[in-house]
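What follows is a set of notes on a single structure, which appears directly below.
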Amino acid sequence: MMLNNPICNSLQNVQQRIEAACRKSGREPGSVKLVAVSKTKPIDDIREAIECGQIDFGENKVQELTSKMEQLRDKPQWHMIGTLQTNKIKYLVSRIDWIHSVSKVKALRELESRASNVQRKINVLIQVNISNEEQKSGCEAGELNELLSYASDLKWVEIRGLMGIASFEEDPEMVRPQFRLLHSLRDESKAYEAPNVKLEHLSMGMTHDFEIAIEEGATIVRIGSAIFGERNY
Ligand SMILES: *Cc1c(COP(=O)(O)O)cnc(C)c1O
């Protein structure tokens with residue numbers, strides 16, 4: 001542990017806030033996985049976080065992600081959290097651990113075929129548009145059933161839950177209903193569970209709103225600026 005570097009301090013601080021939010025809502029402190037979002041940040045920042053014990057990292061651009069995966073070889077668990085273009089899936093499958101942003105049958109089909117080529121099972125979350133903003137990606141709530149039943153016939157795609165991005169509100173309390181919506185969609189979709197379709201995870205909550213997300217049942221939070229500092233772009 002290099003407890004004196006600023007990234008270690010921020011990580012510890014975020015972990016403490018996660019634990020406090022768990023206690024407040026009567027949840028086990030270990031029930032929330034922290035994905036450190038390292039987009040736009042240099043590889044040395046990721047190395048520092050790894051030295052402080054951080055395991056999971058998230059990126060939102062395929063090119064930056066593949067370059068960082070290459071430089072850090074076997075080390076972290078990698079999460080693709082950005083909008084997923086179907087034609088880029090082939091660059092990810094040999095190394096990616098989780099994809100949070102699948103929202104089309106077409107992407108599931110391509111993922112199955114590419115994952116089968118490399119004989120790797122990939123953890124997938126279905127991204128749902130919970131903010132009702134046009135520019136935010138994700139499927140509509142009404143499309144979930146089709147996606148989940150399509151996925152249940154696949155062999156290399158492991159559906160692990162749902163992902164959502166709330167709208168930005170000055171007061172994070174305002175997005176609680178959006179997190180609650182994702183939670184209830186997960187519960188309603190349980191009927192579609194299959195050997196490779198398990199809806200145990202809710203990936204929701206970022207720097208500005210993760211405590212609310214945890215209170216509403218998040219099991220994965222994706223946090224960037226509270227760990228690595230503000231991004232310039
Ligand atoms: C950038 C990003 C995050 C992290 O954002 P912060 O506000 O810096 O915590 C989380 N999720 C997604 C999908 C992102 O693109």
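Order of appearance sets the numbers: ligands from 1, and atoms from 1 within every ligand.
S67 pairs with exactly one of Q63, Q71, E70 by the side-chain hydrogen bond (donor to acceptor under 3.5 Å, both in side chains) rule, that one being Q71. Checking each of I227, V221, D56, I81 against V37 for a side chain to side chain contact (heavy atoms under 4.5 Å, CB included) leaves exactly one that passes, namely I81.
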(request) Show your reasoning for whether side chain to side chain donor-acceptor pair (under 3.5 Å) applies to E112 and S116. (result) CA-CA 6 Å; E112 173 72 7; S116 156; 6.0 Å; no

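The shortest heavy-atom distance from R231 to ligand 1 is under 4.0 Å. Residue contacts with ligand 1 do not include H208, since none of its heavy atoms lies under 4.0 Å from the ligand.
Annotation for ligand 1: atoms under 4.0 Å from non-hydrogen atoms of I223 are 9 (O). Those atoms of ligand 1 with a heavy atom of T207 less than 4.0 angstrom away are 6 (P), 7 (O), 8 (O), 9 (O). Remark: ligand 1 atoms within the under-4.0 Å shell around heavy atoms of I165 are 13 (C). Those atoms of ligand 1 with a heavy atom of R222 less than 4.0 angstrom away are 4 (C), 9 (O), 10 (C), 11 (N), 12 (C), 13 (C).
With 3.5 Å as the limit, one finds no donor-acceptor pair spanning the side chains of H79 and D97.
Ranking protein heavy atoms by distance to atom 2 (C) of ligand 1, first place goes to K39 NZ, 2.5 Å. Closest to atom 12 (C) of ligand 1 among all protein heavy atoms lies I81 CD1, 3.5 Å. Looking only at protein heavy atoms, the nearest one to atom 5 (O) of ligand 1 is M206 CE, 3.5 Å.
A donor-acceptor contact shorter than 3.5 Å links the side chain of R120 to the backbone of V93.
Contact of the M163 side chain with the I220 side chain is not registered, since no non-hydrogen atoms from C-beta on lie closer than 4.5 Å. Residues R17 and F210 meet the side-chain proximity criterion, which asks for heavy atoms closer than 4.5 Å.
The shortest N or O to N or O distance between G224 and ligand 1 is under 3.5 Å.
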